[in-house]
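All chains are named by letter (A, B, ...) in the order of the sequence lines, taking the proteins before the strands, and each is independently numbered beginning at 1.
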Number of protein chains: 2
Amino acid sequence: MAATPVWSVDPRTGKRLGEVAAEATPAEVDAAVTAAHAARGALAGREARVAFLRAAADLLDASAAEVTAAADAETALGTPRLTGELARTTYQLRAFAEVVEDGGYLDVRIDRADPSLVPPRPELRRSKVPLGVVAVYAASNFPLAFSVPGGDTASALAAGCPVVVKAHPDHPATSELCAALLRRAAVSVGLPEAVVGLVHGFGAGLELVRHPLVSAAGFTGSIRGGRALFDAAAARPVPIPFHGELGSLNPVVVTPAAAAERAEEIGAGLAGAATLGMGQFCVKPGLVLVPEGPDGDRLAGALAEGLAGASPGVLLDARMRENFLSGAAERAALPGVAAPVAPAADGPHGVAPGFLTVPARRLVDGPADGPHGLLLEECFGPVTVLARYAGPEEAGAVLDRLSGNLSATLQLSAAETAGEEPDGPTAALLARITGLAGRILVNGWPTGVAVAPAQHHGGPYPAATSHSTSVGGTAIERWLRPVVYQGVPDPLLPAELREGNPLGLPRRVDGVPEGPTAPL
Amino acid sequence: MAATPVWSVDPRTGKRLGEVAAEATPAEVDAAVTAAHAARGALAGREARVAFLRAAADLLDASAAEVTAAADAETALGTPRLTGELARTTYQLRAFAEVVEDGGYLDVRIDRADPSLVPPRPELRRSKVPLGVVAVYAASNFPLAFSVPGGDTASALAAGCPVVVKAHPDHPATSELCAALLRRAAVSVGLPEAVVGLVHGFGAGLELVRHPLVSAAGFTGSIRGGRALFDAAAARPVPIPFHGELGSLNPVVVTPAAAAERAEEIGAGLAGAATLGMGQFCVKPGLVLVPEGPDGDRLAGALAEGLAGASPGVLLDARMRENFLSGAAERAALPGVAAPVAPAADGPHGVAPGFLTVPARRLVDGPADGPHGLLLEECFGPVTVLARYAGPEEAGAVLDRLSGNLSATLQLSAAETAGEEPDGPTAALLARITGLAGRILVNGWPTGVAVAPAQHHGGPYPAATSHSTSVGGTAIERWLRPVVYQGVPDPLLPAELREGNPLGLPRRVDGVPEGPTAPL
């Protein structure tokens, strides 16, 4: 059977830019995984991993013009955005080098032997070890930061796990280029290039998650695709962890006081957040609870003004454009829904942003699986839904209908943010939305997920299929498992567990933190 | 339809001791989960949880005579062992109270806003929140420490999650008694009793893991039962984490030098470890790699002597006894297998311990799914298998055939433990078995899993279905998910995240540990 070609396509024109590769056969997937598995020992040394992550960042930075040009040609995301995304990507690689150097992620714990206990306690020394080959499924919407050189790859390599990336079909040429740069960086620091593999094709993605030598998977994408892979990971003879980020509505609640105080500012901010990257952010605010009445009307007016002034643009691929246009139209056709600025086609390849409004009671009066439930599902692209609520009970009833989210946001007034009543309604509202999401914002917009040690980019299903994060320092924890050594003589212990702490790691000894710390 | 009665049975006689309860109907499971869910807010305060865990420990201790009598009647484990198990159980409850007080499990991380970064970094404050109702599946072999008042329950309550326990049919009366004591302890500190629920019956267990308000599950038991529940948890519309401990062979490797030096000591130690609790430990050493030749023969002789002197005993139930006898007989009948001390029936209800030997090459010459593969599967009860190996390659080939384990053990000589060659064969062997298990021992026996901050009781599948632990301080992490607050004003933040650190928690600020620590 002839190989199935993989084409790079320009979404601005729908034209093929070139044949980039071929879809991987099962034998090719097996070869990539087997080579990655064989290379895993080379990632055991932390100096090598640190050097590799930094070399990869340097090489990507040095190739910035080539990388962003390749990505722009395939994604139409534009050079400014892609330049920023590349900077984020290389910052992230370097940040994981720091995480490795710090060593706190190993969560070293030492319990000394205590013969006075009944039964006597043996000496226990606990650290973490890498899981093995990690399968990474690249996202459509971030061809760099959530794709080949992105957070899943960076955190897995930092943990000591080789990766095999399944490229996203929206940017195969960028994927090939980035994989080649990562491999060149590996070789430049003395590592085998097989620590980073790349495969193309839907079937290859399924082969990958089922491969016996694959130990874990990271995924960013749709609920449908992600759930199919999650199910395959769980159904294996030996199930593996599947860390998937699948979809999010990112609800925003605007209080009456906030609308009274800042209607125009909130409306304009929402217009920006809903159209950033042509609405192709997993943290795009997709449902905004806005009070009924004139303040809410002003907010809607500012949003309409902002969207009317927003430029039309191009989505990542033709299928995505079709889904956006049909999804927006289907929602707009529901009883009670209005489209003050209707999302629309713009020429044969572009789209223009818009928004819908609906009385909040429409979202809660019928059964949860009724037609209006569609408005509580993510619609990928530049559209958002304003649900106009009559009072806090109605807003709360809408929140009760929501699935899990990556983010949830409150827009509050100055008096509410002052929080003078710790057990008052604002604190209660904050506690309520904490149950809905992995990241909680006040008076901000969820678009923009900072790469930072404390970041958490995940949330209840379907935002994520696990309770981990795909951004931030703790993303490394996904690729490790703890191991405890009992009664193992010091010279035989891994260096991170030796009594003399030769690596200078933060650790807990008999439950008490020990190590270099800042004063309280 | 009449309720299906649940009987307490004496395994020493096979006689029914009394009707304890009825199997829960779907409506009863729903009622227990709904009540637990409604009670979850009461566990939000950490003082309440600490008081509850300590009150539960005190009440169990005060009821020791009643509890151990109930457990002995149903399990035949004997008063000394059950007295020890109760002490372990109440120690564990108190240890989790300390974990809650320490607060390190929240893994608080604070990143300050940094407007100098591109893009500017917002302020991020990350902590963890409880998942919600946890389903706990009690184990057969530890009616206290891994059942109603056991580690899953203690860690879930410590995390702030109400529990509904599915009782094990081997000890329903003990389960009812312990659940009543836990509920009484809850009420004594002002908590609703619904924070601890109890249901009986196989069907109820499946209902429980499928209930929409159940957020996670903990399980200790067989591969068959655990995998069925794991599959149900993964197949839910909203999948939930299933932390199951399913089975383990707990391999032991005796080096030629260790056999030469300590054959009799190792043989006698193995006899004790393989028969402790009538071999009904998930960490029973079930496969021991022993060198061929006279030193290994001496070891086998000491094991035979130890087992010949071991008392017969009673297993937890009649089905387990049948499985033990048939499983041992099936293994003993395999080509090349000998039974120097044959496991056997002892009267109509008892069994006598034994061991089998097999040339190691038999385990690796055929295909992995050949008949000798049975010797690499756990056989619950007082039997172990000595695999006699000709050299390190053969021993290594056997290790390559093994599934994941809770523990793996090396028996080394004094010279080998001195570890004078950091890259020598002993270190390589230790690294190799680290890939097999969650706990690694040198010159000890895996039976005995200390309750301690650094403990890890888990391992690659099927030892565990996740990379977490069911014993030790970090077991609490299973029942929490991270949440990050972005730009949330201080007065609205949860107490553990406020700038002034009113709870005095250890935390990382801009990546650097801060807080009360011991000097290096």
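- Shown here are the ring-ring contact (aromatic ring centres under 6.0 Å, His included) partners of B/Y485, two or more places apart in sequence or in another chain: there are none.
- Residue A/I110 touches chain B through its backbone alone, counting heavy-atom pairs closer than 4.5 Å.
- Within the 4.5 angstrom heavy-atom criterion, no atom of B/V99 approaches chain A.
- Put simply, the residue from B/L430, B/N443, B/L441 that forms a side-chain contact (heavy atoms from CB on, under 4.5 Å) with A/V488 is B/L430.
- The two residues A/F230 and B/A234 have their closest heavy-atom pair at CE2-O, 3.4 Å.
- A distance of 13.0 Å separates NE2 of B/H467 from CD of A/E477, quoted to the nearest 0.5 Å.
- Ranking A/P494, A/A450, A/G438 against chain B, the residue ahead of the rest is A/G438, based on heavy-atom pairs under 4.5 Å.
- Residue B/A233: no heavy atom, backbone or side chain, is found under 4.5 Å from chain A.
- Taking B/G458, B/G511, B/S468, B/P482 one by one and counting their heavy-atom pairs under 4.5 Å with chain A, the maximum is reached by B/P482.
- In this structure, chain B has a heavy atom under 4.5 Å from the backbone of A/R236, while its side chain stays farther away.
- For the pair B/V442/A/P489, a side-chain contact is recorded, criterion being any heavy-atom separation below 4.5 Å from C-beta on.
- Side-chain atoms of B/D102 and A/R508, non-hydrogen and from C-beta on, do get closer than 4.5 Å to each other.
- Rounding to the nearest 0.5 Å places CD1 of B/I440 at 12.5 Å from CG of A/L492.
- For a residue to count as touching a neighbouring chain, one of its non-hydrogen atoms must lie under 4.5 Å from one of that chain's; by this rule B/D107 touches chain A with the side chain only.
- Between the side chain of A/R481 and the backbone N or O of B/A437 there is at least one donor-acceptor pair closer than 3.5 Å.
- Considering only heavy atoms from C-beta on, B/V484 comes within 4.5 Å of A/Q455 through its side chain.
- For A/R121 against B/Y91, the heavy-atom pair with the smallest separation is NH2-OH, 3.2 Å.
- Only the side chain of A/L412 has a heavy atom closer than 4.5 Å to any heavy atom of chain B.
- From B/K128, atom NZ reaches atom NE2 of A/H456 across 9.5 Å, with rounding to the nearest 0.5 Å.
- Using a 4.5 Å cut-off between heavy atoms, A/V108 makes no contact with chain B at all.
- Looking at A/E416, the atoms closer than 4.5 Å to chain B (heavy atoms on both sides) all sit in the backbone: N, CA, C or O.
- Evaluation of the salt bridge (Lys or Arg N to Asp or Glu O under 4.0 Å) test over residues 425-435 of chain A, restricted to residues two or more places apart or in two chains, returns A/D400-A/R432.
- Highest contact tally toward chain B, considering only A/T434, A/V129, A/D510, A/D490, is held by A/T434 [criterion: heavy-atom pairs under 4.5 Å].
- A donor-acceptor pair under 3.5 Å links the side-chain atoms of A/R227 to the main chain of B/P237, judged by distance alone.
- In terms of heavy-atom pairs under 4.5 Å with chain B, the best-connected choice from A/A87, A/P460, A/P462 is A/P460.
- Interface check for chain A: of the options B/T469, B/L131, B/V509, the most heavy-atom pairs under 4.5 Å are formed by B/L131.
- For the residue pair B/P491 and A/A418, the shortest heavy atom distance occurs at CG-O, 3.2 Å.
- For the options B/T409, B/L493, B/L124, heavy-atom pairs under 4.5 Å to chain A are most numerous at B/L124.
- Contacts between B/I240 and chain A at a heavy-atom distance below 4.5 Å are absent for every atom of the residue.
- In this structure, the portion of B/A235 lying under 4.5 Å from any heavy atom of chain A is its backbone and not its side chain.
- Interface residue B/L436: only backbone heavy atoms are found under 4.5 Å from chain A.
- Closest non-hydrogen pair, A/D111 versus B/A454, comes out as OD2-N, 2.6 Å.
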